[in-house]
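When a ligand or atom number is given, it counts from 1 through the structure's own listing order.
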Amino acid sequence: MAHGGTGPQKPTIAQLDLFGGYEITMPSVAASALQVPNSRIREIAEAAMKMDGVLKLYFGESNVPTPEYIKRAAARALEEGYTFYSENAGLPGLREDLAAYYRRLQGVTLDPRSELVVSASGVQALNVGIRCVLNPGDEALVLTPAWPNASAIIRMDNAVPVEIPLPLQGGRYTIDFDALERAVTPRTRLLAYTSPSNPLGWVATEVEQERLLDFARHHNLWLLADEVYDRLYYGGATLGVPAPSILRKATRDDAVMVAQSFSKMYCMTGWRIGWLVARRDVAERAAQLNEFIISHATSFIQRAAQIALAQGEEELTRMLDRLKANRDFCLAALRQMPGLTVPSPDGAFYVFPKVNGLTDSFAFCWKLLQDTKVGIAPGVAFGAGGEGSVRICYAAERAILEPAMERLARFLSQS
Ligand SMILES: Cc1ncc(COP(=O)(O)O)c(C=O)c1O
């Protein structure tokens with residue numbers, strides 16, 4: 001109630017402070033919330049947003065808007081009355097379409113009723129999946145450098161992320177299975193990895209997938225694969241062929257989960273729609289927990305997602321052509337620059353060059369932004385193994401990438 005009434009007013013905190021005799025005990029923010037670090041990508045982005053004319057390559061999205069046919073599908077769905085609650089696991093029709101999509105593109109058979117849960121984004125799929133398998137105090141191995149959200153979610157669940165860096169060997173990132181073995185303790189319950197990787201562009205080979213699965217089986221761990229970039233893959237017979245899913249290797253009894261999203265492949269970052277594939281006991285729980293988190297993904301957006309799956313291939317191939325050309329352009333430009341080691345990414349839309357001798361990637365990105373108005377993400381934001389590198393998102397158009405590469409080259413030659 002606003003002050004100014006006639007009755008007695010409660011003292012404010014400042015007044016209470018003056019009353020030396022009072023002991024002030026305030027409810028505090030939970031430790032599990034406080035132990036989640038701020039995003040260092042955001043710190044650069046927030047500074048960049050206050051400046052004019054920044055060439056923005058720090059976030060993981062292109063500036064291409066969602067295709068018209070998807071927008072029209074959402075508008076149509078609103079008119080058709082998709083404005084009510086749906087099932088916690090998502091519209092049955094969308095789950096059937098997702099199962100058909102896996103059959104067609106990955107040769108994998110899924111039961112749409114029991115093994116697929118629609119989520120309100122990839123990050124929500126990660127959230128509910130991780131929540132279903134970790135108890136407080138459990139440990140989760142996370143292959144890094146990686147988008148920081150999985151580790152943050154693990155912390156939010158009062159569990160402990162244990163980051164295991166992917167070493168760079170002969171120009172390619174690899175999995176250090178010895179380090180993984182050494183990191184396992186009686187509390188370890190989960191191994192999480194991302195392929196294609198943000199920020200590395202690394203894609204797990206089939207042999208690596210088999211070894212990850214064997215490792216998880218041997219140690220009785222859940223294996224969580226973040227596959228949100230599976231369609232942004234440049235190593236297939238043709239563009240559009242997805243990076244192979246771990247689901248090709250797993251049986252339906254394996255303790256495997258896959259987090260997925262419409263964000264990247266259909267330029268739908270702001271729509272918030274994705275899905276989780278999981279063994280049926282976890283999928284069932286995830287759908288039930290959804291009731292208490294988000295209830296379900298937005299109904300009319302689920303309908304639009306069905307149309308994206310049905311009609312999206314042509315537009316996707318056009319986008320992949322453009323992304324591959326951008327990737328090749330950036331690789332060629334970066335490899336001309338002094339002091340960089342530039343591994344080739346096979347998927348996603350990032351390059352992650354190592355700046356030789358760099359020990360503070362945040363300071364580097366900060367100075368680059370202030371001096372040249374080029375905004376990129378510091379490697380330190382991606383956990384163990386990330387410091388010393390920087391992430392450049394090449395999903396922007398050439399009119400942005402070209403001057404950005406020129407300015408970066410000038411900056412490096414002057415520093
Ligand atoms: C590896 C990875 N997983 C998940 C996501 C989340 O995608 P969504 O927009 O669906 O939450 C991102 C977004 O950048 C990502 O890079």
Side-chain angles (χ1 to χ4, degrees), residues 39-42 44-45 56-66 70 90 94 98 117-131 140 142-154 156 161 163 166 173 191-204 224-233 242-243 245-246 257-277 286 290 293-294 296-298 301-302 304-305 308-309 312 323 345-352 376-377 379 381-383 386 391-396:
S39 163
R40 310 248 41 212
I41 310 170
R42 264 279 156 198
I44 295 285
K56 298 173 186 151
L57 308 178
Y58 40 72
F59 281 150
E61 64 182 351
S62 71
N63 47 3
V64 176
T66 307
I70 302 177
L94 175 53
L98 286 169
V117 180
V118 176
S119 60
S121 74
V123 72
Q124 201 245 313
L126 287 172
N127 225 293
V128 74
I130 291 171
R131 181 66 188 78
V142 183
L143 295 188
T144 56
W147 191 56
N149 291 37
S151 288
I153 292 166
I154 291 162
M156 280 165 63
E163 298 183 343
L166 291 142
Y173 287 93
L191 167 56
Y193 74 99
T194 309
S195 171
S197 153
N198 170 10
L200 305 176
W202 165 80
V203 178
L224 168 60
D226 180 334
E227 297 185 350
V228 308
Y229 293 99
D230 73 334
R231 299 304 302 279
L232 310 189
Y233 179 51
S245 171
I246 190 70
M257 296 185 285
V258 171
Q260 261 288 12
S261 170
F262 287 81
S263 284
K264 314 289 174 175
M265 53 185 146
Y266 300 114
C267 301
M268 291 174 73
T269 47
W271 294 60
R272 317 313 296 139
I273 179 104
W275 72 92
L276 179 75
V277 180
N290 256 0
I293 303 169
I294 185 88
H296 58 80
T298 308
I301 291 176
Q302 294 190 58
L309 288 176
L323 287 178
D346 291 326
F349 43 40
Y350 310 101
V351 242
F352 198 64
I376 60 176
F382 302 95
R391 187 192 73 177
I392 298 168
C393 176
Y394 57 76

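Side chains of Leu309 and Leu94 form a contact here, defined as non-hydrogen atoms less than 4.5 Å apart. Here the side chains of Phe349 and Ser62 are not in contact, with every heavy-atom distance at 4.5 Å or above. Between Val123 and Ile153, some side-chain heavy-atom pair lies under the 4.5 Å cut-off. The closest side-chain heavy-atom distance from Ile273 to Gln302 is below 4.5 Å. Under the 4.5 Å side-chain criterion, counting only non-hydrogen atoms from C-beta, Ile70 is in contact with Trp271. Annotation: side chain of Pro196 is not in contact with side chain of Asp346 (no heavy-atom distance under 4.5 Å).
Of all non-hydrogen atoms in Ala286 and Val128, the two that sit nearest each other are O-CG2, 3.6 Å.
At under 3.5 Å, not a single nitrogen or oxygen of Leu126, backbone or side chain, sits near a nitrogen or oxygen of ligand 1. Between Ser261 and ligand 1, at least one pair of N/O atoms sits closer than 3.5 Å.
The closest non-hydrogen atom to atom 14 (O) of ligand 1, taken over Met268, Gln260, Lys264, comes from Lys264.
At least one heavy atom of Ser121 sits less than 4.0 Å from an atom of ligand 1. Using a 4.0 Å cutoff on heavy atoms, Glu61 does not count as a contact of ligand 1.
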**OP:** Begin from the C-alpha positions of Phe382 and Tyr350 and carry the test ring-ring contact (aromatic ring centres under 6.0 Å, His included) through to its verdict.
**Re:** CA-CA 13 Å; Phe382 302 95; Tyr350 310 101; 7.8 Å; no

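Close contacts of ligand 1 with Arg272, meaning ligand atoms under 4.0 Å from a residue heavy atom, involve 8 (P), 9 (O), 11 (O). Counting atoms of ligand 1 from 1 in the listed order, those under 4.0 Å from a heavy atom of Ser263 are 8 (P), 9 (O), 10 (O). Residue contact check: Tyr229 has heavy atoms under 4.0 Å from atoms 1 (C), 2 (C), 14 (O), 15 (C), 16 (O) of ligand 1. Atoms of ligand 1 found under 4.0 Å from any heavy atom of Val228, numbered from 1 in the order shown, are 2 (C), 3 (N), 4 (C), 15 (C). Those atoms of ligand 1 with a heavy atom of Thr194 less than 4.0 angstrom away are 1 (C).
Considering only non-hydrogen protein atoms, atom 6 (C) of ligand 1 sits nearest to Trp147 CH2, 3.4 Å. Remark: minimum distance from atom 3 (N) of ligand 1 to any protein heavy atom is reached at Asp226 OD2, 2.5 Å.
Contacts between Gln124 and ligand 1 below 4.0 angstrom, taking non-hydrogen atoms only, are absent altogether. If you look at Val123 next to ligand 1, the close heavy atoms, those under 4.0 Å, come from the backbone and the side chain alike.
Under the 3.5 Å distance criterion, with hydrogens and angles disregarded, no donor-acceptor pair is assigned to the side chains of Trp147 and Thr194.
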